[in-house]
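Data first, discussion second: the structure below is written as structure tokens.
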Amino acid sequence: MSFLEQIHEIFHHLPVEVMQDIDKRIGDWLASGGNENDPYIEQQLRFAKRFVGEGMGS
């Protein structure tokens, strides 16, 4: 599963503002020639996972 697919799996657990921020960053990255398995996308996945974990009391 790609980093982008993993983000998609947890997206519904994120607040709208966080989803919009990640979506914009990833969209800009892909538009500039990046791909869905680049380290930058992995960084966005780690951020999303931390945010979900903190929001769920982890």
Open item on the list: Can you pull out every ring pair (Phe, Tyr, Trp, His ring centres under 6.0 Å) where at least one residue sits in residues 15-38? Sequence neighbours excluded, please.
Closed with: Trp29-Tyr40
TODO: To the nearest 0.5 angstrom, please state how far the CD1 atom of Ile10 sits from the CG atom of Leu45.
DONE: 5.5 Å
Hey, can you pull the donor-acceptor pairs under 3.5 Å for the side chains in residues 19-27, sequence neighbours left out?
from	atom 1	to	atom 2	distance (Å)
Asp21	OD1	Arg25	NE	3.2
Asp21	OD2	Arg25	NE	2.9
Lys24	NZ	Asp28	OD1	3.3
Lys24	NZ	Asp28	OD2	2.8

Task: Rounded distance (nearest 0.5 Å) linking atom CZ of Arg46 with atom CD1 of Ile7 - done: 10.5 Å
TODO: Measure across Glu36 and Ile41 and return the closest heavy-atom pair with its distance rounded to 0.1 Å.
DONE: O-CG2, 3.6 Å
Task: Contact summary for Asn37 and Asn35, nearest pair of heavy atoms - done: N-OD1, 2.7 Å
Open item on the list: If you compare all heavy atoms of Gln6 against all heavy atoms of Met1, which two are closest, and at what distance to 0.1 Å?
Closed with: NE2-O, 3.3 Å
